[in-house]
2 protein chains.
Amino acid sequence: MVTIKDIAKIAGVSPSTVSRVVSNHPRISHETSRKVKAIMEQEGYHPNIMAKSLVSKTTQTLGILLPRPAEELFQNDFFGELLRGIVTQATSAGYDTLITTVTKDTDELMAISRLVRGQRVDGILLLSSRTSDPVIGFLQENEFPFVLIGRSDDYQDVLSIDNNNVQAAQDATNHLISQGHTRIGFINGPTNLVVSQDRLAGYHKALCEANIVARPEWAIAVDMMQQSGFRAISGYMSMPDRPSALVVFDDAIAFGVLRGLTELGYSVPEDISLVSFNNIPLSGVASTPISSVDIGIYHLGYTASQFLLRSAQGKPLPEDQIIIPHRLIVRKSSINQISSE
Amino acid sequence: MVTIKDIAKIAGVSPSTVSRVVSNHPRISHETSRKVKAIMEQEGYHPNIMAKSLVSKTTQTLGILLPRPAEELFQNDFFGELLRGIVTQATSAGYDTLITTVTKDTDELMAISRLVRGQRVDGILLLSSRTSDPVIGFLQENEFPFVLIGRSDDYQDVLSIDNNNVQAAQDATNHLISQGHTRIGFINGPTNLVVSQDRLAGYHKALCEANIVARPEWAIAVDMMQQSGFRAISGYMSMPDRPSALVVFDDAIAFGVLRGLTELGYSVPEDISLVSFNNIPLSGVASTPISSVDIGIYHLGYTASQFLLRSAQGKPLPEDQIIIPHRLIVRKSSINQISSE
DNA sequence: GAACAGCGTGCATACGTTTGCACCTGACTG
DNA sequence: CAGTCAGGTGCAAACGTATGCACGCTGTTC
């Protein structure tokens with residue numbers, strides 16, 4: 001492999017000069033620069049990044065700790081889109097993106113520790129938004145740049161990029177209310193996720209502000225598999241007194257719900273209206289197109305990446321929390337004027 | 001940051017000894033090893049990976065060149081699942097995974113060149129399966145370890161991990177034939193992808209073997225957006241003489257087709273049967289569950305990663321092409337005994 | 001009792017860069 | 001004409017680790 005010394009020898013200059021040419025040092029003569037650059041091109045020279053990192057103490061790399069394979073994020077489009085946002089921004093800033101994953105919860109700290117202590121990355125992007133995350137504590141102690149996608153109540157002064165999920169759920173619920181519904185249920189995601197808690201809170205807030213009394217038995221939690229949406233809906237429909245509309249945590253679950261309803265002979269939105277979250281591409285081509293809150297997943301990743309880079313470069317971070325705007329996309333599943341009771 | 005020298009000083013030994021402890025050198029006394037390990041633990045020492053790489057000429061990292069953001073793979077579940085397979089295998093072997101992407105085609109070579117020449121990764125995983133890919137040529141010239149997910153006809157001696165897409169399409173088509181269909185159409189993906197060509201070939205082969213004459217106007221190509229499936233189907237249905245069954249390139253497109261059919265007042269599988277590919281989780285909960293060929297995406301990524309690691313470690317590669325088995329999952333969209341004509 | 005084997009450790013060098021400092025040259029100043 | 005200055009370049013040290021070689025020590029063998 002051709003090194004800086006080889007180039008220097010061919011060009012008849014010292015390695016330092018070549019190095020300065022590479023970094024566009026101001027005090028290199030135009031002619032030398034031109035000559036060296038030509039030789040680099042001709043020899044196909046690229047600086048060895050390891051050597052560079054060793055002295056510069058910087059890796060030009062961002063780390064991402066993936067949620068465990070078993071976890072939900074991998075199950076649907078969310079992750080791919082998020083990653084696209086992250087990588088696009090990082091790449092445009094000349095950074096690479098490093099991915100690690102773990103199989104057991106207990107390995108998480110080890111994996112992070114390896115990245116941080118081994119100085120393999122300049123900053124870390126955390127995807128999990130569990131209520132309590134030891135990784136956050138570790139990163140804070142070591143004053144290592146990191147950004148959280150999501151939110152954590154248990155730690156202070158953490159830069160996190162998130163949607164206003166309370167507001168988003170409130171918007172979704174209010175939309176149903178504005179369509180004349182008063183009997184509104186909620187199918188939530190895993191309750192240990194902050195986002196689930198936020199959306200549930202938004203749902204309750206909307207009901208409260210509309211002076212609708214929440215019915216506890218109408219708010220349930222399922223895991224992220226669309227099968228569970230399928231199962232959940234039959235529970236609802238067998239209730240003697242059932243809701244006329246549902247807010248659903250996630251499009252994948254909503255698909256299951258929709259399918260269950262069809263199978264049971266109900267139709268959407270006539271018998272029951274639906275609004276869900278994430279607005280994955282397929283939402284629009286479901287048998288009944290599903291109204292969904294677009295939470296700007298790409299934007300989320302892009303922004304997180306952007307702020308992490310700033311932080312990694314030692315620049316001050318503007319705020320403690322960045323909110324990515326959401327937008328309710330109304331489709332057929334919730335367009336319905338039911339008779340007011 | 002604590003280095004090997006610090007540990008050495010505290011333990012009262014030389015850095016070499018510490019280094020040997022870390023790598024479990026046989027000629028280190030048990031007691032020294034124990035003592036040094038205790039100190040490493042206590043000081044939170046992790047070897048600097050950059051320095052390590054510099055001397056060992058190895059990075060313990062795999063590179064992935066993402067398809068361009070605009071490209072299809074990002075659009076659906078395929079990519080997330082593939083990545084999960086790749087990263088899981090790599091991580092279990094102690095490797096990290098580095099992701100880069102480019103915005104323009106012309107940047108691809110630059111990006112790859114940076115990784116290879118800069119010795120940033122030990123091997124590269126190529127996701128694109130375009131018929132002609134300059135990146136493959138570059139990697140071959142430089143004798144750099146790489147594995148192709150997909151297939152390329154233009155280069156010899158490339159280790160590629162792929163499905164038998166010809167067979168898969170043949171199976172899908174045969175399934176429709178076995179259901180009594182003789183009027184079978186094909187909605188293909190982008191024609192510059194090898195996989196599209198293979199599936200089209202399999203479709204033709206099945207027809208041919210069943211002595212069914214292929215109708216050129218029944219085989220069309222669309223891009224990967226599900227909207228295009230939506231549009232395509234109206235073209236079919238306005239034909240005076242239309243197929244009774246369709247093989248569709250991808251689940252996302254199939255969703256669009258399904259939706260189009262419903263909108264036009266047709267039902268599946270009664271008016272028209274469908275079989276598609278990829279078997280994404282949502283296929284099973286479509287309004288009519290879609291029959292789909294499961295191509296083992298996770299398995300594809302996992303295996304590719306596995307062979308790339310072998311190659312990166314200088315081990316010989318067993319074969320030129322590894323085939324990941326596929327499996328047709330029959331669902332309602334294709335279960336239909338139509339009257340034989 | 002000398003020679004030798006084997007174990008455990010340290011010294012020195014190398015990996016490919018960056019960068020502070022010093023040096024040289026020529027031009028310009030007073 | 002000596003002195004200053006700025007531009008252009010090279011020297012050498014440093015980053016943190018791995019490893020071939022040499023060295024000292026202990027115990028064994030003839």
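Values below: every heavy atom of this structure, side chains too, minus hydrogens, waters and symmetry copies. Because the structure is predicted, anything quoted here is derived from the model rather than measured. Naming: A, B, ... by sequence-line order, numbering from 1 per chain.
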With 3.5 Å as the limit, what N/O pairs link the protein to nucleotides 16-20 of chain C?
residue: C:dG16; atom: OP1; partner: B:Lys57; partner atom: NZ; Å: 2.7
residue: C:dT17; atom: OP1; partner: A:Tyr45; partner atom: OH; Å: 3.0
residue: C:dT17; atom: OP1; partner: A:Asn48; partner atom: N; Å: 3.0
residue: C:dT17; atom: OP2; partner: A:Ile4; partner atom: N; Å: 2.6
residue: C:dT17; atom: O5'; partner: A:Tyr45; partner atom: OH; Å: 3.3
residue: C:dT18; atom: OP2; partner: A:Ser19; partner atom: OG; Å: 2.4
residue: C:dT19; atom: O4; partner: A:Ser16; partner atom: OG; Å: 3.4
residue: C:dG20; atom: O6; partner: A:Arg20; partner atom: NH2; Å: 3.4

Just how far is it from atom [atom1] of [X] to atom [atom2] of [Y], taken to the nearest 0.5 Å?
{"X": "A:Ile86", "Y": "A:Thr91", "atom1": "CD1", "atom2": "OG1", "answer": "11.0 Å"}
{"X": "B:Leu300", "Y": "B:Tyr298", "atom1": "CG", "atom2": "OH", "answer": "12.5 Å"}
{"X": "B:Ile295", "Y": "B:Asp162", "atom1": "CD1", "atom2": "CG", "answer": "8.5 Å"}

Give a yes-or-no answer on whether the side chains of [X] and [Y] include a donor-acceptor pair shorter than 3.5 Å.
{"X": "B:Thr59", "Y": "B:Asp122", "result": "yes"}
{"X": "B:Arg114", "Y": "B:Thr100", "result": "no"}
{"X": "B:Ser16", "Y": "B:Ser19", "result": "no"}

Subject >> Degree of bending, the helix from C:dG1-D:dC30 to C:dG30-D:dC1 (end axes from five pairs; round to 10°) >> reply: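 The two end axes of the helix from C:dG1-D:dC30 to C:dG30-D:dC1 meet at 60°.
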
Original post:
Any chance CD of A:Gln42 has more than 12 other-residue heavy atoms, nucleotides or ligands included, within less than 6.0 Å?
Top reply: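 Yes, the 6.0 Å shell around CD holds more than 12 heavy atoms from other groups.
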
Original post:
Would you find more than 12 non-hydrogen atoms of other residues, nucleotides or ligands less than 6.0 Å from A:Met1 atom CE?
Top reply: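 Result for CE/A:Met1: enclosed.
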
Original post:
Who are the side-chain contact (heavy atoms from CB on, under 4.5 Å) partners of A:Glu43, not counting sequence neighbours?
Top reply: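 By the side-chain contact (heavy atoms from CB on, under 4.5 Å) rule, A:Glu43 matches A:Val2, A:Ile7, A:Ile10, A:Ile39.
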
Subject >> For A:Ile64, the option from A:Thr97, A:Thr101, A:Leu82 that meets side-chain contact (heavy atoms from CB on, under 4.5 Å) >> reply: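 Passing option: A:Thr97.
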
Original post:
Going 5' to 3' on DNA chain D, which nucleotide is the first and which the last to come under 4.0 Å of a heavy atom in chain B?
Top reply: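 Nucleotide range with atoms under 4.0 Å of chain B: D:dG16 to D:dA22.
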
Subject >> Residues touching DNA chain D, which here means a heavy atom under 4.0 Å, drawn from residues 25-41 of chain A >> reply: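 Under 4.0 Å from DNA chain D: A:Arg27, A:Ile28, A:Ser29, A:Thr32.
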
**OP:** Using the side-chain contact (heavy atoms from CB on, under 4.5 Å) rule, take A:Thr61 and A:Arg120 through it: C-alpha gap first, then chi angles, then the decisive distance, then the call.
**Re:** CA-CA 8 Å; A:Thr61 306; A:Arg120 179 149 224 181; 6.0 Å; no

Subject >> Any residue meeting salt bridge (charged side-chain N to carboxylate O under 4.0 Å, His left out) with B:Arg20, in chain and number order, not counting sequence neighbours >> reply: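 For B:Arg20, no residue satisfies salt bridge (charged side-chain N to carboxylate O under 4.0 Å, His left out) once neighbours in sequence are set aside.
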
